[in-house]
Protein chains: 2
Amino acid sequence: MAADEAPSKARLRLWLRLLKVTRKVEGRLRERLRTEFATTLPRFDVMSALNRHDQGLKMSELSGVLKVSNGNVTGIVDRLVEEGLVIRGAVEGDRRANLVRLTRKGHEHFAVQAREHEAWIDEMLADMPANESENLAHRLDALVQALEEPESKK
Amino acid sequence: MAADEAPSKARLRLWLRLLKVTRKVEGRLRERLRTEFATTLPRFDVMSALNRHDQGLKMSELSGVLKVSNGNVTGIVDRLVEEGLVIRGAVEGDRRANLVRLTRKGHEHFAVQAREHEAWIDEMLADMPANESENLAHRLDALVQALEEPESKK
DNA sequence: CACAAAAATTTTATGCTTGAAATATAGCGG
DNA sequence: CCGCTATATTTCAAGCATAAAATTTTTGTG
């Protein structure tokens with residue numbers, strides 16, 4: 001084993017594994033959300049973000065939090081508005097922006113979905129002991145940190 | 001700390017972290033593939049699968065390997081065929097199916113892309129020592145195993 | 001052989017996603 | 001107040017993704 005070949009391959013394997021787990025879990029969540037609540041993961045994500053920010057979020061803040069494009073959020077919010085789950089309100093003193101918030105109905109729907117969502121995750125990751133979960137989460141967090149600052153080493 | 005509340009929350013955190021890391025890395029890969037090779041992640045994935053199976057794969061095998069829907073693969077392969085990177089061949093004795101393979105051009109393109117791809121991953125996960133990568137990969141693999149068999153405990 | 005069930009694939013409808021272009025408003029320097 | 005630059009959002013074109021319906025071919029089974 002070369003002192004140089006191994007690390008790269010090991011990291012590639014790690015990445016492929018990460019991808020596999022994530023896709024698998026995402027797929028299950030997607031299916032459950034569809035069959036049990038007639039909704040989708042992106043919609044759940046948007047509602048989750050709005051639930052954490054009860055004072056509302058601007059479209060750009062929403063796309064920032066979710067790490068998706070601006071135009072993407074427009075479409076998802078449009079549909080949620082049609083169904084009366086969220087509302088677009090005016091921003092005091094800035095007619096360009098608007099503040100998106102959950103409606104009462106949106107809050108109620110989300111509460112139910114979030115409870116189930118947590119249970120599904122718990123079930124899917126059941127083989128993972130709590131302390132090991134924490135451990136893994138920390139390592140992954142370190143990775144996220146490193147990725148956040150691409151070239152801050154100026 | 002309740003003996004019951006913690007595990008579920010810890011697992012939820014783990015899941016959210018997994019999602020964050022994966023999306024971040026995926027986003028970077030996507031951008032690189034686009035700017036440097038004018039291609040996309042799904043196309044790369046398809047070519048990667050075909051590269052590992054030089055004798056070719058049927059459409060259904062391809063969607064099985066990649067864990068995406070049948071109809072999805074149809075569209076991606078269509079575009080790769082248009083660009084002369086893959087070909088659809090007949091399957092001996094079954095006119096329903098067809099065998100998808102990389103063309104010579106496809107092989108050449110993929111070789112270049114795969115080399116870069118591995119380097120990008122290596123760079124992004126640089127903070128992760130090789131042995132820790134292996135460790136993590138193994139834990140994740142256990143998770144995948146558990147997820148593969150949903151109710152095999154009949 | 002006939003014909004129903006199964007298998008391989010494509011088509012269709014709908015929604016997600018992106019990057020880029022377009023639109024509209026804000027805010028600043030002169 | 002004019003005009004420029006920046007900010008907030010939407011629109012647009014293209015591709016990705018899924019589930020369900022449709023198509024074509026194969027494979028039993030009587």
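Order of the sequence lines sets the chain letters (A, B, ...), proteins ahead of strands, with each chain counted from 1.
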Please tell me if the side chains of A:Leu136 and B:Leu18 come closer than 4.5 Å, counting only heavy atoms from C-beta onward. no
Should we count CD of A:Glu92 as having more than 12 external heavy atoms under 6.0 Å? no
Rounding to a whole Å, what distance do you find between A:Leu62:CG and D:dA8:P? 14 Å
Would you say A:Lys24 has more than 12 foreign heavy atoms packed within less than 6.0 Å of its NZ? yes
Think B:Arg95 has a side-chain N or O under 4.0 angstrom from the OP1 or OP2 of D:dT24? no
Length of the CG-P vector between A:Asp45 and C:dG15, whole Å: 17 Å
What does the B/S/- profile of nucleotides 16-23 of chain D look like, 5' to 3', with a 4.0 Å heavy-atom cutoff to protein? SSBSS---
My understanding is that only one of A:Glu116, A:Glu123, A:Glu26 makes a salt bridge (charged side-chain N to carboxylate O under 4.0 Å, His left out) with A:Arg32; could you say which? A:Glu123
Between A:Asp78 and A:Asp94, which residue's closest nucleotide on DNA chain D lies nearer the 5′ terminus? A:Asp94
Measure CG/A:Leu57 against C1'/D:dT9 and give the value in whole Å, please. 15 Å
Within-4.5 Å side-chain heavy-atom neighbours: A:Arg28 and A:Met124: yes
Record whether the side chain of B:Arg96 comes under 3.5 Å of the base of C:dA7 through a donor-acceptor pair of N or O atoms. yes
Per nearest nucleotide of DNA chain D, the residue lying toward the 5' end, B:Gly93 or A:Thr74, is A:Thr74
Whole-Å gap separating C1' (D:dG15) and CD (B:Glu83): 12 Å
